[in-house]
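Have a look at the structure below, then the notes.
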Amino acid sequence: EAGVAQSPRYKIIEKRQSVAFWCNPISGHATLYWYQQILGQGPKLLIQFQNNGVVDDSQLPKDRFSAERLKGVDSTLKIQPAKLEDSAVYLCASSLPGTYSYEQYFGPGTRLTVT
Amino acid sequence: AQSVTQPDIHITVSEGASLELRCNYSYGATPYLFWYVQSPGQGLQLLLKYFSGDTLVQGIKGFEAEFKRSQSSFNLRKPSVHWSDAAEYFCAVGPPDTDKLIFGTGTRLQVFP
């Protein structure tokens with residue numbers, strides 16, 4: 001079974017530029033999560049989708065971050081404009097819905113450096 | 001508010017030695033508890049989870065964890081560490097029926113031969 005795919009793996013941008021990350025979840029996983037992991041901290045949930053609907057985006061800085069999940073499969077997370085404090089690893093995870101198994105499958109992440 | 005504390009930022013052990021990683025949580029009701037491992041350049045992988053019942057939980061890769069309600073703890077243990085166990089370990093709490101996870105800050109494990 002293929003895992004969660006993310007691209008790019010690394011990205012370096014200057015502050016005030018924009019950037020987008022892509023995630024392809026495991027086939028059949030209707031729930032998709034985006035996390036931000038700052039160096040030295042645990043992952044923090046940014047947004048949770050079920051199919052193409054948003055379940056929770058309470059921690060997403062909506063003035064600069066946006067996310068979409070068209071057709072309930074792939075998802076993109078965008079930052080515009082980026083700030084220095086956005087430097088982090090952005091993790092995508094997916095899970096089967098409704099089981100409350102909490103077994104989230106994580107992708108390898110995208111390491112973003114904002115200079 | 002729900003929170004997870006991992007008091008040890010970095011632990012170093014010799015290969016073959018026993019291991020215990022500490023985790024304390026703050027949650028108003030019966031929590032769901034988890035341990036994830038993150039190897040360099042990789043995503044997080046679930047090691048084990050506790051929902052209810054037997055307070056000693058067995059996981060993958062020879063790990064186990066014990067839930068102690070009186071101490072609000074969920075410590076991870078392994079009797080004999082292998083060099084391949086070097087990684088970052090995250091404890092997490094999940095509010096029931098939400099599928100959400102709140103992670104601790106992690107403990108980095110280094111293993112010496």
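Chain A is the first sequence line, chain B the second, and so forth, proteins listed ahead of strands; every chain is numbered from 1. These figures come from a predicted structure and were not determined experimentally.
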Could you give me the CA-CA distance, side-chain angles and deciding distance for Leu101(B) and Tyr35(A), then say whether side chain to side chain contact (heavy atoms under 4.5 Å, CB included) is met?
CA-CA 10 Å; Leu101(B) 293 170; Tyr35(A) 289 87; 4.1 Å; yes
Taking Leu46(A) as the starting point, is it possible to reach Val89(A) by hopping between hydrophobic residues whose side chains are less than 4.5 Å apart?
no
Do Leu47(B) and Tyr50(B) sit in one hydrophobic cluster, given that two such residues count as connected whenever their side-chain heavy atoms are within less than 4.5 Å of each other, even indirectly?
yes
Is it possible for you to say whether Leu91(A) and Trp34(A) belong to one hydrophobic cluster, with membership spreading through side-chain heavy-atom contacts below 4.5 Å?
no
For a side chain to side chain contact (heavy atoms under 4.5 Å, CB included) check, start with the C-alpha distance between Phe90(B) and Gln37(A), then their side-chain angles and the critical distance, and finish with the verdict.
CA-CA 12 Å; Phe90(B) 292 93; Gln37(A) 185 178 15; 3.1 Å; yes
Leu19(B), Phe67(B): one ILVMFWY side-chain cluster at the under-4.5 Å cut-off?
yes
Gln41(A) side, atom CD; Thr105(B) side, atom OG1 - distance, nearest 0.5 Å
8.5 Å
Quick one: what part of Arg111(A) sits under 4.5 Å from any heavy atom of chain B, side chain, backbone, both or neither?
neither
Verify the neighbour count for atom CH2 of Trp83(B): are there more than 12 heavy atoms of other residues, nucleotides or ligands below 6.0 Å?
no
Are more than 12 heavy atoms, taken from residues, nucleotides or ligands other than Glu20(B), located less than 6.0 Å from that residue's CD atom?
yes
Side chain, backbone, both or neither: which part of Pro95(B) has an atom under 4.5 Å from a heavy atom of chain A?
backbone
Val55(A) versus chain B, the contacting section by heavy-atom distance below 4.5 Å:
side chain
I'd like to know whether Lys100(B) forms a side chain to side chain contact (heavy atoms under 4.5 Å, CB included) with Tyr33(A), so could you lay out the CA-CA distance, the side-chain angles of the two residues, the decisive distance to 0.1 Å, and finally the verdict.
CA-CA 9 Å; Lys100(B) 291 181 177 32; Tyr33(A) 312 79; 5.5 Å; no
Contact origin within Glu88(B) toward chain A - heavy atom pairs under 4.5 Å
neither
Do Gln104(A) and Tyr36(B) have side chains that approach each other closer than 4.5 Å (heavy atoms only, starting at C-beta)?
yes
When hydrophobic residues are tied together by side-chain contacts of less than 4.5 Å, even through go-betweens, does Leu76(B) share a cluster with Tyr25(B)?
yes
